[in-house]
Number of protein chains: 2
Amino acid sequence: MNDFNERQIRLAPVEKQTLHDQVANQVRDLIIEGHLEPGSRIDETALLEQLDVSRTPFREALRTLAAEGLVVIRPSRGSTVRKLSREDARSMLEMLAEIERFGGRLACERASPDEISALLDIHDRMMALYAARDRLPYYKLNQLFHTRVAAASQNATLIEIQGNIQAKLKRIRFVGNQKVGDWADAVADHEEMAAALRTRNGERLGEILALHLLRTWDRVKDSIG
Amino acid sequence: MNDFNERQIRLAPVEKQTLHDQVANQVRDLIIEGHLEPGSRIDETALLEQLDVSRTPFREALRTLAAEGLVVIRPSRGSTVRKLSREDARSMLEMLAEIERFGGRLACERASPDEISALLDIHDRMMALYAARDRLPYYKLNQLFHTRVAAASQNATLIEIQGNIQAKLKRIRFVGNQKVGDWADAVADHEEMAAALRTRNGERLGEILALHLLRTWDRVKDSIG
DNA sequence: GCTTTTAATTTTGTATACAGGATACAAAGT
DNA sequence: ACTTTGTATCCTGTATACAAAATTAAAAGC
């Protein structure tokens, strides 16, 4: 009688996590959150104990992170947290700017009304946080906003690449947003983005998104390398 | 007296290859060259014997390929060669078009005269191969041309992403270029690219590159699913 | 005859052991 | 004192062994 329901449940299984994946996620977080210094050596034995796994899944995780570009593995010489050179950061921001420009354009063409209002909602919350000068939650929501714009482009490849680059730049961008005046400028940009979203002006949205990121480069370029 | 030379040699060591890397490259080739059918299961034991390695480096290689998006690993259920859905292919080509558009623009701004003439040289060789209707070498050179345009953008991130997507699409694009009329169209595009390169007209070059790829989508979209 | 259970087999994920190479340190030579 | 050579230690890469899960095959029930 509830056979059918049982079956439904079986057919939609909870996606299982291997140890490898868990470790990869944990280490990725450690890197992105800045608990592992860029350029520093990754001490296998230490992390191994801390995470309480054996070497096999740990090393597989490292390979994954290396392919993602967060970790550098030099044969026989251990792995290090990838340190972005000035040139790396420049090329990533330049590329991200172009990707978000395109994403913004597509978003305005393809987003559902719901997606648009969800975006505007995030925007409003960001503005409230700015008014309260509540930096960290603002920063988190900002990341989310950019991610969601990309998501609204309906282009899975774009979404993935945007996420990848954003992850690698996460720390840098945070550093870049420290000065008060810069924050005000960023907020002004975001107001324009919201306006462009409301009118579905893709050209304009893309333009501001790109500019927004290129400005980030100008802000951080001297504190890197 | 040759102390200095000795030291030079030590400072530029030959980059060593781990077994893992070799296996990753081998399997990647197998996939790209089409010797492993997309969607098909990857039989560990079979490949293990064939490549004559143990499971550890092999599985690490699989992780790498999974992160690159060439392989899909479902926990406890083995790995398969990633099969591009129609939607995957669409989003990749759409994205690649935009990336190459940007790459083309940057190339015209930043390429050295040498790079430009190297590109035009490749172009000439392509045209000769077209005249001889020599399909396979033409195809290879075509890949190289697009890669080199990207390289001329001087943006490492762009170069990497372009290469990644190109690798994943390799088989599809080959399928798409089968009809005679299509080939002629593609050649016409390439003549225009060469012209734009000669005059360093980045806007134009980017436009044709993008169009060229979007046309590819039109050609292949019905044969994918 | 078809579905469901149970058992056997294969396959996958993880731990561990071992070997080869790299790093660090100390001793000898300049 | 500084460089070089030799040695000990540590770390990395790979093979293998074992356990858990999934797949397949066979048997039992309806």
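Note that these values count all heavy atoms, side chains included, but never hydrogens, waters or copies made by symmetry. Numbered from 1 within each chain, the chains take letters A, B, ... in sequence-line order. Because the structure is predicted, anything quoted here is derived from the model rather than measured.
The aromatic rings of A/H190 and A/H123 lie parallel to each other, with less than 30° between the two planes, well short of the 60° mark.
The distance between atom CZ of B/R74 and atom P of D/dA21, rounded to the nearest whole Å, is 18 Å. Whole-Å rounding puts the B/F58 CZ to C/dT11 C1' distance at 13 Å. A/I42 places its CD1 atom 10 Å from the P atom of D/dT12, with the value rounded to the nearest Å. The interatomic distance linking B/L47 (CG) with C/dT12 (P) rounds to 11 Å, in whole Å. Put simply, CD on B/E44 is 16 Å from P on D/dT14, counting in whole angstrom units. Here the P atom of nucleotide D/dT14 and the CG atom of B/L51 are 14 Å apart, to the nearest Å. Here D/dC11 presents its P atom at 17 Å from CD1 of A/I73, a figure rounded to the nearest Å. The nearest whole Å value for the distance from the CZ atom in B/R41 to the P atom in C/dT11 is 7 Å.
Contact check for B/L30 versus B/L47: side-chain heavy atoms found under the 4.5 Å cut-off.
Salt bridge status for B/R63 with B/E60: absent, with no side-chain N to carboxylate O gap under 4.0 Å. Between B/K168 and B/D88 there is no salt bridge, since none of the side-chain N atoms of the basic residue sits less than 4.0 Å from a carboxylate O of the acidic one.
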What are the atom names and distances for every N/O pair under 3.5 Å that joins the protein to nucleotides 15-19 of chain D?
residue: D/dA15; atom: OP2; partner: B/S54; partner atom: N; Å: 2.9
residue: D/dA15; atom: OP2; partner: B/S54; partner atom: OG; Å: 2.4
residue: D/dA15; atom: O5'; partner: B/S54; partner atom: OG; Å: 3.2
residue: D/dA15; atom: N7; partner: B/T56; partner atom: OG1; Å: 2.6
residue: D/dA15; atom: N6; partner: B/T56; partner atom: OG1; Å: 3.4
residue: D/dT16; atom: O4; partner: B/T56; partner atom: OG1; Å: 3.3

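When each of A/R77 and B/T45 is assigned the nucleotide of DNA chain C bearing its nearest heavy atom, the one mapping closer to the 5' terminus is B/T45.
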A/L96 and A/Q162: side-chain contact (heavy atoms from CB on, under 4.5 Å), yes or no, with the steps? CA-CA 7 Å; A/L96 188 59; A/Q162 196 269 352; 3.9 Å; yes

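Checking A/H146 against A/E100 by side-chain atom types alone, a donor-acceptor pair falls below 3.5 Å.
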